[in-house]
Amino acid sequence: MKNIAPNDAAHLETIETREWLESLDYVLRTGDKGRVMRLLGALRARARASGYRLPYEATTPYINTISPDEQVPYPGDREIERRIKSLVRWNAMAMVVRGNRESDGIGGHISTYASSATLYEVAFNHFFRGKDAGHSADIVYYQGHASPGIYARAFLEGRLTEQHLRNFRHELRPDGGLSSYPHPWLMPDFWEYPTVSMGLGPLMAIYHARFVRYLENRGLKPPTDQKVWAFLGDGETDEPEALGSISLPAREKLDNLIFVINCNLQRLDGPVRGNGQIIQELEAMFRGVGWNVIKVLWGSEWDALLAKDTDGVLIKRMGEVVDGEYQRYVVEDGAYLRKHFWGTDPRLLEMVKHLSDDELKSLRVGGHDPVKVFNAYRQAVTHKGAPTVILARTIKGYGLGEAGEGKNITHQQKKMNDSDLKTFRDRFNVPIPDDRIAETPFYRPAEGSSELQYMQERRTALGGSVPRRVVAAPPINPALPGVFDEFQKGTAGRKASTTSVFVKLLAKLLRDKEIGDLVVPIVPDEARTFGMESLFREVGIYSSIGQLYEPVDMATLLYYKEAKDGQILEEGITEAGSISSWIAAGTAYATHGVNTIPFFIFYSMFGFQRVGDFIWAAADARCRGFILGGTAGRTTLAGEGLQHQDGNSHTLALTVPTCRAYDPAYAFELATIIQDGIKRMYSDGEAAFYYLTVMNEAYEHPPMPEGEGIREGILKGLYKFKGAPAGKGAKAQLIGSGAILNEVVKAQALLEPYGIVADVWSAPSYNELYREANAVERWNLRHPLEKARTPYVTKMLGKTEGVIIAASDYIKSGPGMIARYAGRPMVTLGTDGFGRSEDRASLRNFFEVDARHVAAAAIAALHRDGAITAKVVAQAFKELEIDPEKVDPTTV
Ligand SMILES: Cc1ncc(C[n+]2csc(CCOP(=O)(O)OP(=O)(O)O)c2C)c(N)n1
Ligand SMILES: [Mg+2]
């Protein structure tokens with residue numbers, strides 16, 4: 001070759017390239033890695049010095065990151081593992097096909113697991129550590145749509161029965177069923193982490209991995225080499241939550257975190273990047289922030305071909321084919337591949353001339369080759385100093401053949417005809433005879449068979465079956481002496497906001513000898529807003545590397561103290577990240593056997609409204625703890641206006657079944673709720689969490705009223721705060737909550753001159769009142785022959801007289817929900833509509849929730865009832881300056 005005279009520039013370049021590559025090959029063969037790097041560095045430096053600006057390359061060539069000579073041999077029995085995997089594949093498919101045959105439209109997915117079977121099986125047989133391994137059990141976020149495969153394996157392991165499989169997506173059948181996706185709420189002994197809302201799994205995994213380090217650095221958990229694995233789809237990476245925080249684990253050097261991205265190049269409708277390459281795009285992003293990126297693109301059969309690629313033509317070809325075309329290759333035959341992939345260069349054709357079309361077609365992609373996957377995992381679990389992402393190329397619907405393999409419809413494929421089933425059976429060699437194919441039976445080899453034995457042996461060696469949810473922490477029963485007492489006494493003339501009361505209470509909890517260490521304060525760059533900066537110095541801000549600088553405010557009492565054992569998780573501006581930390585801490589009683597008690601405080605409007613889906617996932621995960629909406633209340637937060645003023649969050653909180661939401665007005669209410677919450681969650685073991693709104697309006701807090709039922713009333717959501725003044729007159733019941741309770745108290749006084757005597761009630765939770773009343777009503781409906789029970793709210797209001805007015809700083813549907821249980825008409829006042837930048841008094845006038853409007857509402861209602869005269873109404877409206885033609889705040 002070298003003797004041929006170059007006949008054109010291209011030819012010359014080819015020869016030149018080859019010579020350079022040969023030189024490099026020589027160094028590669030004889031030198032070490034460092035020498036190769038130095039040589040390439042020197043070349044780059046020389047080019048730069050000569051004025052060549054090398055383009056920045058975030059990607060590496062479109063080949064496997066791990067070269068064949070770096071690989072170790074597969075440690076398992078390949079043949080038996082292949083048989084096991086085939087049986088899992090079959091049962092996973094059968095579960096969905098049978099389910100949809102019997103109940104059309106029941107759904108389920110075949111093709112996601114079909115593409116990821118090898119990714120999971122290699123992990124099940126060699127990596128995932130189970131709970132018997134103690135604290136080092138791995139934490140695995142499974143791709144939600146792959147759950148049929150996870151169930152099918154559990155069936156083979158003997159953890160689920162055939163009945164369970166038959167009842168996939170039939171959870172309400174008397175003999176129980178399997179949930180569609182990973183839902184710990186529905187299968188609390190099996191699933192641990194909800195993932196199916198795309199993007200949540202990866203973000204929760206990131207913050208979970210960081211939380212593990214937090215527990216270790218704070219001495220709450222012994223350091224282990226436990227891993228957090230997150231399996232996700234390539235399409236899923238388009239969710240901003242999936243990739244939005246990938247810089248954190250790199251910065252934190254979370255080498256306990258492994259992402260496995262199932263790159264089947266397809267999502268639901270079609271290709272993820274038909275005109276590009278999703279794998280390269282992902283590589284650039286992850287490399288760019290410092291992850292260890294391992295691409296698993298090509299199966300072992302390609303090694304020999306790449307070894308022949310002395311000119312780099314194959315690597316070049318691999319790198320130029322777009323994903324839409326790669327997908328096409330899946331559905332076409334070998335002749336098509338020879339023409340369209342290999343046929344673009346005679347040297348490529350030469351490389352594969354010894355292979356038949358069928359052999360060409362059978363060259364596997366990397367994610368279906370256990371050797372490649374094993375080596376990727378092996379490097380991932382041993383990699384130090386950075387998280388690892390494995391980009392594994394797979395085929396969506398692998399094995400479905402004509403029924404859907406690689407087709408755009410494959411995601412939704414739930415049915416297969418007999419011929420499709422036979423093809424699938426033959427491809428994976430599943431021992432189902434022809435005459436039974438139509439019934440698509442589940443298949444489990446005989447007890448004691450080599451397959452089952454192998455599975456059991458592997459899982460035993462790795463610490464038992466996964467997934468398995470175990471509540472590892474015993475309940476605690478903290479005495480908490482002196483933590484809550486002072487709050488029952490009120491503030492004795494001093495003004496305070498409920499936020500500052502909360503911060504004080506939190507500080508006391510943090511100081512408590514018994515549970516102080518378990519408290520996890522979480523805040524998204526908002527600590528100063530809530531007056532929490534005193535805690536910075538007191539308990540420190542968590543930083544895995546301590547504090548490498550002298551903070552600018554070092555000389556002050558409340559300096560910004562970062563410490564390795566710091567207790568506060570100061571997350572920066574990420575409510576999604578913060579709630580993920582909260583979920584990790586709130587589920588640690590199960591996952592880590594540590595009863596951490598997280599308190600996540602955020603700008604109220606950026607809670608449910610912003611990260612509602614995470615809160616839903618938290619409930620599913622049986623999360624415990626407290627979330628606090630700070631600067632809450634549409635008219636209580638002055639100045640901030642439309643975006644910030646929260647009048648919605650309690651309504652949103654109601655939608656989460658395990659969330660108990662309260663809008664406390666006074667210190668004693670807040671303390672009572674938190675004290676009871678800790679008991680119910682951490683001593684009684686209830687799978688619930690608390691949402692508390694706290695405000696920034698400072699006012700005096702009264703002591704807890706004396707008398708029966710106050711504590712119970714606070715927790716149930718309603719109690720009489722202040723009786724009517726002595727004397728006769730028209731009667732009214734005024735109910736208020738949160739900061740609006742003070743307006744209601746003022747309204748009581750405003751009404752007195754008109755001969756109206758009003759009781760004042762505090763309603764810390766319209767949501768809880770509604771739920772209890774609903775439960776009672778339901779019982780009554782189902783027991784028509786028994787004495788009807790009375791809802792708590794009816795009991796309270798039923799024995800009162802006069803009109804009922806209920807007001808809050810949230811939309812009227814809050815008090816509106818309990819109206820039908822009040823026993824008589826009820827007037828509701830609230831803050832429906834968009835907020836405004838204004839001062840508090842103007843806002844309360846605008847939304848008609850100030851004392852004047854509460855009083856006016858009572859007057860109007862009393863007049864309709866005939867209890868007061870028109871003259872009194874006219875006089876009162878004039879004196880209270882009520883404008884009947886005032887603009888409706890819901891319309892502007
Ligand atoms: C937040 C959210 N949006 C939409 C969906 C509906 N959905 C389920 S699977 C899917 C496609 C998944 O594609 P990919 O992530 O590539 O996974 P694959 O099945 O290909 O492995 C979509 C859109 C969802 N589950 N969650
Ligand atoms: Mg996909």
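For ligands, and for the atoms within them, numbers begin at 1 and follow the listed sequence. Everything numeric here is computed off the predicted structure, so don't read it as measured data.
Side-chain atoms of Lys372 and Gln71 include a donor-acceptor pair closer than 3.5 Å. Using a 3.5 Å distance cut-off with no hydrogens or angles, the side chains of Glu81 and His126 do pair a donor with an acceptor. A donor-acceptor contact closer than 3.5 angstrom links the side chains of Asn408 and Gln327.
Among the atoms of Asn264, an N, O or S atom is found under 2.8 Å from the Mg ion (ligand 2). Not one N/O/S atom of Glu236, from backbone or side chain, sits under 2.8 Å from the Mg ion (ligand 2). Taking 2.8 Å as the criterion, Gln266 counts as a coordinating residue of the Mg ion (ligand 2), since one of its N, O or S atoms falls below it.
Distance check on atom 11 (C) of ligand 1: some protein heavy atom falls below the 4.0 Å cut-off.
Counting non-hydrogen atoms of neighbouring residues, nucleotides and ligands closer than 6.0 angstrom, the NZ atom of Lys361 exceeds 12 such neighbours. With a 6.0 Å radius and a threshold of 12 heavy atoms from other residues, nucleotides or ligands, Asn275 has its CG atom at or below the threshold.
Residue contacts with ligand 1: Ser197 is placed with no nitrogen or oxygen under 3.5 Å of a nitrogen or oxygen of the ligand (distance criterion only). Between Leu268 and ligand 1, a contact under 3.5 Å exists for no N or O pair.
Distances below 4.0 Å separate heavy atoms of Gly235 from the following atoms of ligand 1: 14 (P), 15 (O), 16 (O). Those atoms of ligand 1 with a heavy atom of Thr112 less than 4.0 angstrom away are 18 (P), 19 (O), 21 (O). Annotation for ligand 1: atoms under 4.0 Å from non-hydrogen atoms of Val196 are 24 (C), 25 (N), 26 (N). Of all the atoms in ligand 1, the ones that sit under 4.0 Å from a non-hydrogen atom of Glu239 are 1 (C), 2 (C), 3 (N). Under a 4.0 Å criterion applied to the non-hydrogen atoms of Asn262, ligand 1 contributes the atoms 21 (O).
Distances from atom 24 (C) of ligand 1 to the heavy atoms of Met198, Gln412, Arg267 put Met198 nearest. If you check each of Glu236, His109, Gln143 against atom 15 (O) of ligand 1, the one with the closest non-hydrogen atom is Glu236. The heavy atom nearest to atom 20 (O) of ligand 1, considering only Glu241, Lys396, His411, His145, is found in Lys396.
Judged by the 6.0 Å and 45° rule, Arg98 forms no cation-pi pair with Phe168. In this structure, Arg169 satisfies the cation-pi test against Tyr181, with its NZ or CZ atom closer than 6.0 Å to the six-membered ring centre and inside 45 degrees of the ring normal.
Here Asn264 has side-chain heavy atoms under 4.0 Å from ligand 1, and that is the only part of it that gets that close.
Between the side chain of Asp426 and the backbone N or O of Thr423 there is no donor-acceptor pair closer than 3.5 Å.
Summary: OD1 is the N/O/S atom of Asp234 found nearest to the Mg ion (ligand 2).
Between Arg82 and Glu121 no salt bridge is recorded (no basic side-chain N to carboxylate O distance below 4.0 Å).
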Please evaluate residues Val466 and Tyr142 with respect to the criterion side chain to side chain contact (heavy atoms under 4.5 Å, CB included), reporting the C-alpha separation (whole Å), side-chain torsions for both, the decisive distance (0.1 Å), and the verdict. CA-CA 11 Å; Val466 288; Tyr142 299 91; 3.9 Å; yes
